[in-house]
Amino acid sequence: MSGERVASVVVDVAAEATDKPFDYLVPPELEEEVAIGSRVKVPFGPRKLVGYVVGFPAERDLRHLKPILDVMDLTPPLTPELVKLARWMARVYLCPWITALQAMVPAVLKGKYRRVLRLGPGFVSEGFIAGAEETLVRALQKKGELSLKEALELEGVSRSLVRRMAEKGHLVVEERVGDRTTRKRQTWISPAQPAAVLREAAGKLPKNALRQREMLHFFIEHREDILQPALLSRLGATKSTVDRLVDKGLLHREERETYRDPFAGRSFEKTEPLSLTPAQESVFQKIVAPLREGRHRTVLLHGVTGSGKTEIYLQAITETLNQGRQAIVLVPEISLTPQMVKRFKGRFGGRVAVLHSGLSHGERYDEWRKIRTGEVQVAIGARSAVFAPFPDLGLLVIDEEHENSYKQEEQPRYHAREVARRRCAEHGAVLVMGTATPSVESYYRARVGGYDWAQLTERVHNRPFPPVEVVDLREELRSGNRSIFSRSLKEQLQACVDRGDQAVLFLNRRGFSTFVLCRECGESVECPHCDISLTYHRTNQTLRCHYCGYTRQVPRECPSCGSSHIRYFGTGTQRVEEELARTMPGLRVIRMDVDTTRRKGAHERLLTAFGKGKADVLLGTQMIAKGLDFPGVTLVGVIAADTMLHLPDFRAAERTFQLLTQVSGRAGRHDKPGRVVIQTYSPEHYSIRMAAEQKAESFYREECRLRKRLRYPPFCRLFTLLFSHPDRVKLMQAGSRAARFLAPRLPEGGELLGPVSAPIPRIKDRYRIQIIIKYNNLTDEPTGFVETLRGLKAGLKDPELRLGIDRDGVSLSAGGDG
DNA sequence: AGCACGCCGACT
DNA sequence: GTCGGCGTGCTC
């Protein structure tokens, strides 16, 4: 018994108490298969669970250990590097280790557990059953088997009844742990020796070994792998022939799993590398230099829209592949268009796996497996592709690095940018982050030297930037224009439509008016469950809460003073749509906001319709700002640029700048020149001014100066703890208790602010307060303080109390509402 | 998380 | 005495 190995396994139970490895014996028959990253079936108390092998500890006393029951995959789904990465994620993002591990594998590998009941072989109708027992037996006789869950839903059936019946042998309880889809396994045969050796062996075979000789000759002629059934039918041989040659070491037999190819039958036109402009060439060198040395670097590629970033990515990938290493390309989900796929498939053909949300579970799994088995060397996909299980990652590209979709908002919460950096550091790989509007953090790091900095300031073919006009809405008001549209925007819109071109109008508020106000007492109509004004929706004459969904009719009288002088303020997409219809009749408008895109597929349908010229104007919120690329669009209008400038968020200016810059880039991308009109009440604000003047450098400088002065990231680390509770008094007590707990445990130079009321003090009848913690250590991973927060979280006893934690704008756990 | 165990009151 | 409800503690 002495030579036996022990494996540490993290089991599939996402709970505090089980968030650690458990040790199991590796039975001799599984010895070969168990590796770090293996998915295994293990006994856990009275249950059987799936888990991942995370290590092989030296254990002296083996007697109390239970054995691993089974290994579930031919190839371990995870590499040791990913197992380690998951542990890091668990610490940094405050989630159970198993949750991070599960995030790295395709959905089909997430185990499914079922306890199934059947009538036992010993069951004989003894005549004396009644009540719940009878109900259960009848159901089992009818259906053959029931899951435990189904059984417990039957009238009167309880766990103890099931247990008693099982003890008497009337029932059999079977545990099933399985995958969601089945994999097709096929047996492949390949030659194990060079042709000369096979020829020699064929000569030495006894005369009557006819089939073996034929088979060897087949492989002398065809030096390739072949499916076993195909081989056998071709030669009229049987499996025993193969067995004998495999035993002699002449052939190799291998189990392989088959793929569903989502791009089967489609061929991609081969594209050749374009020659790089001198500016592109210089950026390319900055990427390739560390790549050739196998040195980890992060390169921030600040390149204006249309400056040819993709071609640089493609050539850097080619270089990576030439070195025998692999590459990952992350793109925001919406930019993973067929054109994008075509471009990569065209250059790299069968060496690319594409992971996007449109794939079925099975297809996604197959793409993933090509990565895992080394069949492809390039993976392109959205956020989760950052976990592509390559063994020797050389290059990782994050396109549009400032995009919010790189943040995962469900457990495990993570930021793909941070995960990517970690992976690249581990592999000695180059991380390239490309964007026209870097996040302030990345910009700062590139400037002070943490990252390498590369810039592309010119558009390919020297396409001009569209002229941007900033309209001062205060001025408009003074000159008597009370409409939503400034005279200039209206003129431009008219001219654009007259030319037969298309326009995009952008507004980040849905609904009709933002709030309803009583002119007598000045009170606005608020949600009874949240401390926020209700939004007026014209279509069904209702007021709606955008936080909890509460809906009510518009009151005739003010709820607080009874006056009938009620007015609508602010502007929403519905209102703009209506005013467009009034001022420019006959205009065809497509409105895109949460209300019109709620149904599945509506998003794509509306965009396609607009792309086909079915409307003159695309009017929408946030969601239309990105990824839009319509040749017919020559006018982009921003209805109110400052709506998000006054949000209580230190990134408000950055977001405004990024949005305006991105939106402006959407005008006149093709052969037609474009125009941009930005309407605002604060034309002097630096984020608006510098976006309009396309002075990115000046904006980032100013923003860094302010952040430094006010002590915000990237000049400190910022934690926001948001507590919520239905009872205000209990919430206050919990808040002060938390502050008392944290105060003596702050990192050096740490500063604790609060507890104070949250920006929205109540959502869905839960009161909200927050504590803000700032500290300076930016070089270390924030694991130390997260550990303190874990302690705080574990110490919360009241189940009604929820705690949401946010670090530098990445939320680690939700605690605000629903 | 699940599940067993153990204690306690309600009931045939 | 037996059944079921619920709090506690453990899973290699």
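In what follows, chains carry the letters A, B, and so on, assigned in the order in which the sequence lines appear, proteins first and then strands, with residues in each chain numbered from 1.
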Item checked: A/R413 side chain to A/S811 side chain, donor-acceptor N/O pair below 3.5 angstrom -> yes

Note to self: Output one letter per nucleotide in nucleotides 1-7 of chain B: B when a protein non-hydrogen atom lies under 4.0 Å from the base, S when only the sugar-phosphate is that close, - when neither is.
What the structure shows: BSSS---

Grab the [atom1]-[atom2] distance between [X] and [N] for me, whole Å please.
| X | N | atom1 | atom2 | result |
| --- | --- | --- | --- | --- |
| A/Y24 | C/dC12 | OH | P | 5 Å |
| A/K66 | C/dC10 | NZ | P | 15 Å |
| A/L49 | C/dC10 | CG | C1' | 13 Å |
| A/L25 | C/dC12 | CG | P | 12 Å |
| A/I68 | C/dC12 | CD1 | P | 13 Å |
| A/F22 | C/dC12 | CZ | C1' | 7 Å |
| A/D19 | C/dT11 | CG | P | 16 Å |

Margin query: Please classify the nucleic acid contact of A/P21 as base, sugar-phosphate, or nothing, using heavy-atom distances under 4.0 Å.
Written below: nothing

Next item on the list: Going by the side-chain hydrogen bond (donor to acceptor under 3.5 Å, both in side chains) test, name the single residue among A/Q408, A/E409, A/K407 that passes it with A/Y414.
Entry: A/Q408

Notebook entry, point to check: Taking the six-membered ring of A/Y365, is the NZ or CZ of A/R369 close enough (under 6.0 Å from the centre) and on axis enough (within 45°)?
Noted result: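 Yes, A/R369 lies over the aromatic ring of A/Y365.
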
Next item on the list: Give every residue pair that meets the salt bridge (charged side-chain N to carboxylate O under 4.0 Å, His left out) criterion with at least one member in residues 722-733 of chain A, sequence neighbours excluded.
Entry: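 Those involving residues 722-733 of chain A do not exist here.
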
Check: How would you list all residue pairs meeting salt bridge (charged side-chain N to carboxylate O under 4.0 Å, His left out) that involve residues 81-102 of chain A, not counting sequence neighbours?
Finding: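 Pairs touching residues 81-102 of chain A that pass the test: A/E81-A/R423, A/K84-A/E426.
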
Note to self: Looking at A/E367 and A/R364, is there a salt bridge between them, counting it only when a charged N and a carboxylate O are closer than 4.0 Å?
What the structure shows: no

